[in-house]
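Below is one structure, written out as structure tokens; the observations come after it.
The figures here come from the full heavy-atom set of this structure, side chains too, leaving out hydrogens, waters and symmetry mates. Bear in mind the structure is a predicted one, so any value in this text is a computation, not a measurement.
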Amino acid sequence: MTTRISIYDFIISNSEIQCFCTHISPPLDESQAINYKQIHQILARMNRLCVQPVLSTTPRDQEQRLLRNMGVHTVVLDLLQIPYDRKEDVRMNELMRLAHEFLQNFCRGNQPNQALFHKHLELFLTPGLLEAQTVCAIFQDNAQLCSELSDKVVQHFVHCIETHGRHVEYLHFLQTIVKAEGQFIRKCQDMVMQELVNVGEDVLVFYNDKASFNAFVDMMRAERHRLDATDSSGALKYHIELVRLLALCTMGKNVYTEIKCHSLLTL
């Protein structure tokens with residue numbers, strides 16, 4: 001009963017959320033601080049509803065369906081479209097992080113929910129890393145959506161690497177779409193490989209000449225103590241994920257991508 005009331009309160013307070021968030025710039029008065037705390041708590045509660053409390057990667061199907069039927073996801077979509085100062089507004093950045101986390105958990109292992117957000121895909125095609133993670137969640141292990149993907153989306157993420165830096169979140173999306181539900185999506189393998197062939201050194205970093213290889217060895221020594229599954233920063237992590245992407249593009253007896261991969265990275 002408490003869960004249902006919390007969701008209902010969240011939906012009917014949508015207009016209050018928009019009013020508050022557009023005037024959230026610090027310093028906050030007492031009422032604004034209370035509103036921020038309440039919104040923060042609501043988003044955190046919605047996240048806990050979507051996944052098992054202990055195993056945070058295990059979806060809760062019934063709760064996800066309940067949230068979908070009550071339209072909570074539409075409220076979160078509205079929240080994400082509220083303009084704010086990304087550089088200065090720390091509080092809104094935290095709310096946006098929780099909102100994206102909710103969308104990702106809402107889609108986790110739930111193809112009907114993924115299909116809902118696929119209709120709003122354009123909203124997430126920005127350079128933001130949170131947006132990249134959410135797009136990953138929309139396509140994760142969904143062979144049908146991956147098969148329907150347009151080359152425009154692939155081009156977007158490759159262009160993000162060229163213009164906004166070598167972030168592994170962009171590579172994770174490309175990895176996500178080439179394999180889904182245990183099968184390799186040949187169409188996506190071909191599209192990703194073609195885009196990689198077309199780009200330059202801003203994206204493809206292999207350290208395969210002598211000078212850069214020595215720097216690569218030094219980098220491995222320097223980062224070996226901090227490199228783990230949760231570390232998404234650094235040149236070494238990017239290189240590892242790039243090589244993994246190439247491997248995924250060639251799996252499943254795809255001769256075309258094997259030839260293209262060999263031209264990029266000679267072994």
Worksheet item: Can you hop from M251 to F173 via hydrophobic side chains spaced under 4.5 Å?
Response: yes

Discussion item. Nearest 0.5 angstrom please: H167 NE2 to I161 CD1, how far?
Written reply: 9.5 Å

Item to complete: Rounded to the nearest 0.5 Å, what's the gap from CD on E101 to CG on L103? Could you check?
Response: 10.5 Å

Worksheet item: Is a side-chain N or O of Q81 found less than 3.5 angstrom from the main chain of L77, in a donor-acceptor match?
Response: yes

Worksheet item: Roughly how far, to the nearest 0.5 Å, is the CG atom of L242 from the CG atom of L174?
Response: 9.5 Å

Item to complete: Report yes if some heavy atom in the side chain of R108 is under 4.5 Å from a heavy atom in the side chain of Q140; otherwise report no.
Response: no

Response to the item:
Smallest heavy-atom separation, N110 atom then P112 atom, equals OD1-CD, 3.1 Å

Discussion item. Do the side chains of R48 and E63 get close enough for a salt bridge, i.e. N-O under 4.0 angstrom?
Written reply: no

Worksheet item: Are C50 and L67 close enough, and set up right, to give a side chain to side chain contact (heavy atoms under 4.5 Å, CB included), and what steps lead you there?
Response: CA-CA 9 Å; C50 287; L67 292 168; 3.5 Å; yes

Worksheet item: Under 3.5 Å, side chain of H239 to main-chain N/O of V205, donor-acceptor pair present?
Response: yes

Discussion item. Can you confirm whether more than 12 heavy atoms, excluding those of E258, are under 6.0 Å from its CD atom?
Written reply: yes

Worksheet item: With a 4.5 Å heavy-atom cut-off, do Q183 and I185 have their side chains touching?
Response: yes

Worksheet item: With the 4.5 Å side-chain cut-off for hydrophobic clustering, are V197 and M191 part of the same group?
Response: yes

Discussion item. Looking at R91 and E94, is there a salt bridge between them, counting it only when a charged N and a carboxylate O are closer than 4.0 Å?
Written reply: no

Worksheet item: Does some side-chain heavy atom of L125 sit less than 4.5 Å from a side-chain heavy atom of F157?
Response: yes

Discussion item. Quick check: is Y238 connected to V154 through a chain of hydrophobic side chains (ILVMFWY, heavy atoms under 4.5 Å apart)?
Written reply: yes

Item to complete: Test E181 against Q111 for side chain to side chain contact (heavy atoms under 4.5 Å, CB included), laying out the working first.
Response: CA-CA 11 Å; E181 299 182 64; Q111 293 194 355; 3.3 Å; yes

Item to complete: Answer with yes or no after comparing the ring centroid distance for F102 and H73 against a 6.0 Å cut-off, counting only values under it.
Response: no

Worksheet entry | Least distance between heavy atoms, G109 atom then P59 atom | CA-CG, 4.3 Å

Worksheet item: Which heavy atom of L204 sits nearest a heavy atom of L196, and at what distance?
Response: CD1-O, 3.3 Å

Practice prompt. Please state whether the rings of Y36 and H40 are parallel, tilted or perpendicular, taking 30° and 60° as the class boundaries.
Written response: tilted

Practice prompt. State, yes or no, whether a side-chain contact exists between L149 and C188 at a heavy-atom distance under 4.5 Å.
Written response: yes

Worksheet item: Is there a side-chain hydrogen bond (donor to acceptor under 3.5 Å, both in side chains) between Q194 and D190 once you walk through the steps?
Response: CA-CA 6 Å; Q194 185 58 52; D190 293 348; over 6 Å; no

Worksheet item: What about L171 and L248, same hydrophobic cluster or not, with Ile/Leu/Val/Met/Phe/Trp/Tyr joined at side-chain heavy-atom distances under 4.5 Å?
Response: yes

Worksheet item: Where the side chain of N113 meets the backbone of F106, is there a donor-acceptor pair that is under 3.5 Å apart?
Response: yes

Worksheet item: At what distance, to the nearest 0.5 angstrom, does CD of Q155 lie from CD of E162?
Response: 10.5 Å

Worksheet item: Where do H156 and H159 land on the side chain to side chain contact (heavy atoms under 4.5 Å, CB included) test, with the steps shown first?
Response: CA-CA 5 Å; H156 164 77; H159 182 68; 5.8 Å; no

Worksheet item: Ignoring hydrogens and geometry, is there a side-chain-to-backbone donor-acceptor pair from Q133 to H100 under 3.5 Å?
Response: no

Worksheet item: Got a sec, which pairs hit ring pair (Phe, Tyr, Trp, His ring centres under 6.0 Å) with one end in residues 174-200, sequence neighbours left out?
Response: none

Item to complete: Could you tell me whether the side chain of D89 and the main chain of D85 form a donor-acceptor pair under 3.5 Å?
Response: no

Fill in: L49 and L66, any side-chain heavy atoms less than 4.5 Å apart
no

Worksheet entry | Verify same cluster id: L43, I34 (apolar side-chain graph, 4.5 Å) | no

Worksheet item: N47 side chain to L98 main-chain N or O, any donor-acceptor pair under 3.5 Å?
Response: yes

Practice prompt. Please report the C-alpha distance between T257 and Q189 in whole Å, then the side-chain angles of each, then the deciding distance to 0.1 Å, and finally whether the side-chain hydrogen bond (donor to acceptor under 3.5 Å, both in side chains) criterion is met.
Written response: CA-CA 7 Å; T257 54; Q189 288 179 317; 5.1 Å; no

Discussion item. Quick check against the 3.5 Å criterion: does N254 have a side-chain atom that pairs as donor or acceptor with the backbone of T250?
Written reply: no

Worksheet item: When you measure from the side chain of Y170 to the backbone N and O of H164, does any donor-acceptor pair fall under 3.5 Å?
Response: no

Item to complete: Return yes when atom NZ of K152 has more than 12 non-hydrogen atoms of other residues, nucleotides or ligands closer than 6.0 Å, and no otherwise.
Response: no

Practice prompt. Report the distance from atom CD of E169 to atom SG of C136, rounding to the nearest 0.5 Å.
Written response: 8.5 Å

Worksheet item: More than 12 non-hydrogen atoms from neighbouring residues, nucleotides or ligands closer than 6.0 Å to CZ on R86, yes or no?
Response: no

Discussion item. Do M193 and C261 make a side-chain contact, defined as non-hydrogen atoms from C-beta onward lying under 4.5 Å apart?
Written reply: yes

Worksheet item: For V192 and C249, which heavy atoms make the closest approach, and how far apart are they?
Response: CG1-SG, 3.7 Å

Discussion item. What I'd like to find out is whether the side chain of N142 reaches to under 4.5 Å of the side chain of Q144, using heavy atoms alone.
Written reply: yes

Fill in: Least distance between heavy atoms, C160 atom then T126 atom
SG-O, 4.2 Å

Worksheet, complete the sentence: To the nearest 0.5 Å, atom CG of N35 lies from atom CD of E30 at 11.0 Å

Item to complete: Quick one: list whatever passes side-chain contact (heavy atoms from CB on, under 4.5 Å) with D202, sequence neighbours left out.
Response: none

Worksheet item: Would you find a donor on one side and an acceptor on the other, under 3.5 Å apart, between the side chain of Q114 and the backbone of I138?
Response: yes

Discussion item. Restricting to non-hydrogen atoms, name the atom on N105 and the atom on Q64 that form the minimum distance, rounded to 0.1 Å.
Written reply: O-NE2, 2.9 Å

Worksheet item: For L123 and F117, what are the C-alpha separation, side-chain angles and deciding distance, and is it a side chain to side chain contact (heavy atoms under 4.5 Å, CB included)?
Response: CA-CA 9 Å; L123 294 176; F117 283 114; over 6 Å; no

Discussion item. A side-chain contact here means heavy atoms from C-beta on lying under 4.5 Å apart; do N93 and R97 qualify?
Written reply: no

